[in-house]
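One structure below.
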Amino acid sequence: VVPAIDPTPYAEVTDLFVAEDARRRGVGTALVRHCENLARTRGAANLVLLTGHANPDAQAFYRRLGYADYALAFRKRLTSEDAAAARRRS
């Protein structure tokens, strides 16, 4: 359960992986349901699942389980030049 500005507690799954030979056998669904139950018992009102933007299979899987699009994340690879510029600004 992650504390946040929103007073409603939520849980977050950042990595969920099922080996290819175990897919479409209910393993992923069982893992997500287990996470949901664990989140509930710890007081979470919501469960946020993270997956890669370029992972349409996982996105479709989560949607089939009733999850909806929620957020968009951004990433920038930092170089040593970025770090040096940040030090100069501070």
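Quantities reported herein were computed from a predicted structural model and do not represent experimental measurements. In what follows, every heavy atom counts, from backbone to side chain, and hydrogens, waters and symmetry copies are set aside.
With sequence neighbours excluded, no residue satisfies side-chain hydrogen bond (donor to acceptor under 3.5 Å, both in side chains) with Ser80.
Considering CG of Leu72 and CZ of Phe74, their distance stands at 4.0 Å, rounded to 0.5 Å.
Geometrically, Arg42 does not engage Tyr10 in a cation-pi contact, judged by NZ or CZ lying under 6.0 Å from the ring centre and within 45° of the ring axis.
Considering every non-hydrogen atom in both Ala11 and Ala39, the closest pair reads CB-CB, 3.6 Å.
Proximity of a side-chain donor or acceptor of Arg23 to a complementary backbone N or O of Val18 within less than 3.5 Å is detected.
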Distance-only criterion, 3.5 Å: show the donor-acceptor pairs between side-chain atoms of residues 26-34 and protein atoms not counting sequence neighbours.
{"unit_1": "Arg33", "atom_1": "NH1", "unit_2": "Glu36", "atom_2": "OE1", "d": "3.1"}
{"unit_1": "Arg33", "atom_1": "NH1", "unit_2": "Glu36", "atom_2": "OE2", "d": "3.1"}

Donor-acceptor pairs are to be reported for all side-chain atoms of residues 46-61 against protein atoms at under 3.5 Å, with residues two or more places apart or in another chain.
{"unit_1": "Asn55", "atom_1": "OD1", "unit_2": "Ala58", "atom_2": "N", "d": "3.2"}
{"unit_1": "Gln59", "atom_1": "NE2", "unit_2": "Gly52", "atom_2": "O", "d": "2.9"}
{"unit_1": "Gln59", "atom_1": "NE2", "unit_2": "His53", "atom_2": "O", "d": "2.9"}

Step-by-step side chain to side chain contact (heavy atoms under 4.5 Å, CB included) determination, Asp69 to Tyr62:
CA-CA 9 Å; Asp69 293 2; Tyr62 293 138; over 6 Å; no

